[in-house]
2 protein chains.
Amino acid sequence: MSAEKPPIPSVWARRRQRRDQPALSQDRIVSEAVRLLDEEGMDALSMRGLGARLGAGATSLYRHVANKDELIELVVDEVYGEVRVPDADGGPDAWRAAVAECAHSLRSMILRHPWVASVLGQVGLIELGPNLTRQSERMLALFQAAGFAPDEADQAISALIAYVVGMTVNEAAYLSMLARSGRTEQEMAEELRAAAQQAAPGHPLLEAWRNDDPRQIRERKFVYGLDRLLDGLQTRLGPAGT
Amino acid sequence: MSAEKPPIPSVWARRRQRRDQPALSQDRIVSEAVRLLDEEGMDALSMRGLGARLGAGATSLYRHVANKDELIELVVDEVYGEVRVPDADGGPDAWRAAVAECAHSLRSMILRHPWVASVLGQVGLIELGPNLTRQSERMLALFQAAGFAPDEADQAISALIAYVVGMTVNEAAYLSMLARSGRTEQEMAEELRAAAQQAAPGHPLLEAWRNDDPRQIRERKFVYGLDRLLDGLQTRLGPAGT
DNA sequence: CTCTTGATGCGAACACTGTACGCATAGGGA
DNA sequence: TCCCTATGCGTACAGTGTTCGCATCAAGAG
């Protein structure tokens, strides 16, 4: 009788063994959420769906995550950890290259995870988790090593991040809209130009990306603005170059 | 019997007269949506709620607006019409002041309607309506009058808008988070600094806005980055000043 | 070995959301 | 007078985030 156990004893012990799922945890939830977002975008993120992907019920996630909002914050901080910020030991000469690399890395991250674009407007960039603060610290060191006073370094960082985020978020939104509509880039460009012509006829806006590779054009645009901003910052480092 | 009309003949003819509501229209819907968003924020925008504010049923709005998404696009374009872009007739000298005024105007608009921050990441800045294309046209004229070649003017505009939007969206998100949490600015700054200390101890990030007026500090930060970007752009106009 | 205790998963339920459908009505032209 | 189109709206459906209480397991105490 002691060998006779309750009637439905091991319903999900069986399931857990069957699929070999190592139980839930905040880390597992967050990384699976990142995968889901990368594959299907922000609209596809629902607690039920995410739970299903983890072989768990919808409400089980709430044992490890307070809100959907908190989950999103965690997820954003997670991908923010992918941004590479070079060390500050290169000396003042390497400053510009290091900052540019950092900017490109941030841009790549946003383009790799386009859904962050739809969150950055709601979350702000300050309240986020350890990864973001750590990266900010490293950037601060970068600018201070270049010769910026701490106060000005903070302003410079904010300006740089604002530019990169603003530019790339716009780009990511354009790309995701393009992907959703199923059109090719050429068609979309043609359509936009036609719409602009209709709205304000006679003005030759958007004459760029006619025949070239649109991807290169976007990159060139990004680099142009970045270079201008860095030019403007560099003048603050004193007139004496290297 | 022919005089005997159906039992509930004039239910909403009465209602319409009672409240004197001039029937639904896309314009009325859009401007009421703007008002609702300004008062209660993005989360409070639901078709049912908006319909109620207009004295109409929820689904009546769909006769004038295809989607909630389309409604949002219309609303964003509406407030974009508030941005002031100066005329381009000031000559090359007035260029910098005109562009700066335009940037400040864009920033004011976003801070006046903080909810646009949560949309800019999803909508992109290109596909939008007549107001946005018109403003873009005017900015293009501004830069061309300053001496930029058409191709470069396009890149410069993108950079400027990216900076302003990125900076201000972050600011607006911070402010709305602050408003939601009910804390005062000093408390929030203290809390953030404490959190940063805990995450990465020993690093003196966020030393700014200690005793000064936070609002002035944010404005100063915005102006700093804007000046740097304009500095960088101005060098492209040829070494000969004025 | 038994009992308890805390952590964890989960089904049901609730208050919402956006939106498709079909019906009722009003106003205007033939 | 009749019809037709435009417009409003009630109902309904699928799906959402989240709460609550119960079931179950792992581990430690006696």
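Any value given below was found using the heavy atoms of this structure, including those in side chains, with hydrogens, waters and symmetry copies removed. Every chain is numbered from 1 and lettered A, B, ... according to where its sequence line falls, protein lines coming before strand lines.
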Chemist: Strictly below 4.0 Å: does A:His64 bring a side-chain N or O up to OP1 or OP2 of C:dG9?
Modeler: yes

Chemist: Could you check how far CD of B:Gln26 sits from C1' of D:dA6, rounded to whole Å?
Modeler: 15 Å

Chemist: Round to a whole Å and report the spacing from CD of A:Glu70 to P of D:dT18.
Modeler: 11 Å

Chemist: Are B:Val169 and B:Val116 side-chain neighbours, meaning at least one heavy-atom pair lies under 4.5 Å?
Modeler: no

Chemist: What pairs of nitrogen or oxygen atoms, one from the protein and one from nucleotides 14-18 of chain C, lie under 3.5 Å apart?
Modeler:
| unit_1 | atom_1 | unit_2 | atom_2 | d |
| --- | --- | --- | --- | --- |
| C:dT17 | OP1 | B:Ser46 | OG | 3.4 |
| C:dG18 | OP1 | B:Lys68 | NZ | 2.6 |
| C:dG18 | OP2 | B:Met47 | N | 2.9 |
| C:dG18 | N7 | B:Arg48 | NH1 | 2.7 |
| C:dG18 | O6 | B:Arg48 | NH2 | 3.0 |

Chemist: Which residue pairs satisfy the salt bridge (Lys or Arg N to Asp or Glu O under 4.0 Å) criterion with at least one member in residues 104-118 of chain B, sequence neighbours excluded?
Modeler: B:Glu82-B:Arg112, B:Arg107-B:Glu171, B:Arg107-B:Glu219

Chemist: In degrees, rounded to 10°, what is the bend between the two ends of the helix from C:dC1-D:dG30 to C:dA30-D:dT1, using five pairs at each?
Modeler: 20°

Chemist: Rounded to whole Å, please give me the gap between CG in A:Leu24 and P in D:dC25.
Modeler: 17 Å

Chemist: Quick one: is A:Thr59 getting a side-chain N or O under 4.0 Å of the C:dC10 phosphate, OP1 or OP2?
Modeler: no

Chemist: Students often mix this up, so state it plainly: with edges at 30° and 60°, are the rings of B:Phe222 and B:His104 parallel, tilted or perpendicular?
Modeler: perpendicular

Chemist: Quick one: do B:Glu32 and B:Arg35 make a salt bridge, cutoff under 4.0 Å?
Modeler: yes

Chemist: Thinking salt bridges, do A:Glu39 and A:Arg53 make one under a 4.0 Å N-O criterion?
Modeler: yes

Chemist: Taking atom P of C:dA24 as reference, at what distance in whole Å does atom CZ of B:Arg63 sit?
Modeler: 14 Å

Chemist: Establish, from distance only, whether the side-chain atoms of A:Trp115 and A:Asp43 form a donor-acceptor pair under 3.5 Å.
Modeler: no

Chemist: Which heavy atom of A:Ser105 sits nearest a heavy atom of A:Arg84, and at what distance?
Modeler: OG-N, 2.8 Å

Chemist: For B:Leu61 and D:dA6, what is the distance between atoms CG and C1' respectively, to the nearest whole Å?
Modeler: 16 Å

Chemist: Within the distance-only criterion (no hydrogens, no angle test), does the side chain of B:Gln155 pair as donor or acceptor with the backbone N or O of A:Gly225 below 3.5 angstrom?
Modeler: no

